[in-house]
Amino acid sequence: ANDSSLTVTSRSVGPLANNTTYYWRLRAGNSSGWSSYSGSWSFTTVSNLPVVSTSAATNVASTSATLNGSVNPNGSTTTAWFEWGMSGILSTYTSTASQSIGSGTSALPVTVDLSGLNSRTTYYYRVVGQNSAGRQQGSILSFTTEAGPPRSICVSMSGDDGYSGTGSAPLRNIQTALTRASDGDTVKVAAGEYQENVTTSARTVLRGGYDVSFSEATRAFIGNKTIFRPATGTALSDGLSSTIDGFVFDGTGGASTGIA
């Protein structure tokens, strides 16, 4: 485009497209005519980060859910996906497959169906968008899967409370398992010494005497000794008529070994 109205040697131009190279040159004119054009110069506009928004999950069932969000590419070619897991701050997470959502300037819906989830478990998630300007993460939301059939929640000395509580991914603390449990669930505890004070929050079956396979066939009260050793006070508080067996309650150090 030509502009013969300039009286200074600078000019603001726009609107311009993201991540695009533009060229310009200059010449001057007066009553005697026009000069030749200067050499050409160029500049390339930068991309803007995508705009992302995490939305509430839908179709939440005992083992599945649909994650929802929206991403505005903001004028640059953008991909989007979800990060999800059981950490409230998503310190560890799983990423869904990325989706290409183009380079428009309007927010587009992004959805993913999750399956194979644990029942009665809280999951956290956020939508993510990325283009040439970088990656933008949405706010973290959560959903809790519905109750399914009674289940077993496993605990071992080598477990981690960030795990799911299955036999292959046991929890570390008995209280964590009891907090996650619902009526009818069984908490299986592998051999070891557990120094904690616990309280039931549902009518559960709490059983010790397992090895790390958590198999009923190898459960042995003596061979897989499971010891409660509370630091202070009552070892286990239960007002819900839970079933408890297969533990040794050790009160060394002056702690009470009772069940209230």
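Below, each value reflects all heavy atoms present in this structure, side chains not excepted, and no hydrogens, waters or symmetry copies. Keep in mind that what you see is a predicted model, and the values were worked out from it rather than measured.
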Check: Asn118 main-chain N/O paired with Thr145 side-chain donor or acceptor under 3.5 Å: yes

Short side-chain to backbone donor-acceptor contact, Ser35 and Ala28, under 3.5 Å: yes

Test item: Gln137 side-chain N/O and Arg126 main-chain N/O as donor-acceptor pair under 3.5 Å: no

For Thr79 against Ser98, the heavy-atom pair lying closest together: CB-CB, 4.4 Å

Close side-chain approach of Leu236 and Leu206, heavy atoms under 4.5 Å: yes

Distance (rounded to the nearest 0.5 Å) between Ser42 OG and Tyr22 OH: 12.5 Å

Tyr124 side, atom OH; Ile140 side, atom CD1 - distance, nearest 0.5 Å: 9.5 Å

Non-neighbouring partners of Ser132 that pass side chain to side chain donor-acceptor pair (under 3.5 Å), sequence neighbours left out: Ser47

Remaining members of the apolar cluster that contains Val205, side-chain heavy atoms under 4.5 Å: none

Pro50 versus Asn131, closest heavy-atom pair with distance: CD-ND2, 3.3 Å

Tyr125 side chain near Thr96 side chain, heavy-atom distance below 4.5 Å: no

Minimum heavy-atom distance between Leu90 and Tyr93, given as atom pair plus value: O-CD2, 3.3 Å

Inter-residue atom distance Asn72.CG - Ser53.OG, 0.5 Å rounding: 11.0 Å

Whether Thr78 side chain and Ser76 backbone form a donor-acceptor pair below 3.5 Å: yes

Side-chain donor or acceptor of Asp183 paired with backbone N/O of Ala202 under 3.5 Å: no

Closest heavy-atom pair and its distance - Pro170, Tyr163: O-CD1, 3.2 Å

pair Thr226-Tyr194: side-chain heavy atoms closer than 4.5 Å: yes

Between CD1 on residue Ile153 and OG on residue Ser182, distance to nearest 0.5 Å: 7.5 Å

Connected via hydrophobic side-chain network under 4.5 Å: Val71 and Leu49: no

Electrostatic pair Asp245:Arg219 at N-O distance under 4.0 angstrom: yes

Side-chain donor/acceptor of Arg151 to backbone N/O of Ser119, under 3.5 Å: yes

Residue pair Gln99 / Trp81, side-chain heavy-atom distance below 4.5 Å: no

Nearest-0.5 Å distance that lies between atom CZ in Phe82 and atom CG in Leu141: 10.0 Å

Closest contact, heavy atoms only, Asp161 versus Thr176: OD2-OG1, 2.9 Å

side-chain hydrogen bond (donor to acceptor under 3.5 Å, both in side chains), paired with Arg229, selected from Glu196, Gln195, Glu193: Glu193

Distance-only polar pair, side chains of Thr122 and Thr144, donor-acceptor under 3.5 Å: yes

Spacing of CH2 belonging to Trp84 relative to OG1 belonging to Thr94, to within rounding of 0.5 Å: 5.0 Å

ILVMFWY cluster, Val127 and Leu114 together (side-chain gap under 4.5 Å): yes

Backbone N/O of Asp185 and side chain of Thr204: donor-acceptor pair under 3.5 Å: no

Other cluster members, Ile222 - Ile/Leu/Val/Met/Phe/Trp/Tyr, side-chain contacts below 4.5 Å: Phe221, Ile227, Val248

Side chain Ser156, main chain Val212, donor-acceptor under 3.5 Å: no

Salt bridge (charged side-chain N to carboxylate O under 4.0 Å, His left out) against Arg172, all qualifying residues, sequence neighbours excluded: none

Backbone N/O of Gln175 and side chain of Asn173: donor-acceptor pair under 3.5 Å: no

For residues 61-69, which side-chain N or O atoms pair as donor and acceptor with protein atoms under 3.5 Å away, sequence neighbours left out?
from	atom 1	to	atom 2	distance (Å)
Thr66	OG1	Asn59	ND2	3.1
Thr66	OG1	Asp113	OD1	2.7
Asn68	ND2	Ala56	O	3.0
Asn68	ND2	Thr58	OG1	3.1

Tyr23 atom OH: more than 12 heavy-atom contacts under 6.0 Å: no

Non-hydrogen side-chain atoms of Phe247 and Val189 separated by less than 4.5 Å: yes

Linked hydrophobic residues, Leu240 as query - side chain contacts closer than 4.5 Å: none

Shared hydrophobic cluster, Val13 / Trp41 (ILVMFWY, side-chain heavy atoms < 4.5 Å): yes

Heavy-atom pair of closest approach, residues Ala80 and Ile101: CB-CD1, 4.2 Å

Close side-chain approach of Cys154 and Tyr210, heavy atoms under 4.5 Å: no

Connected via hydrophobic side-chain network under 4.5 Å: Leu117 and Leu171: no

Phe228/Val198 under side-chain contact (heavy atoms from CB on, under 4.5 Å): CA gap, chis, key distance, verdict: CA-CA 10 Å; Phe228 250 128; Val198 302; 3.7 Å; yes

Same apolar cluster (I L V M F W Y, side chains within < 4.5 Å links), Phe214/Val155: no

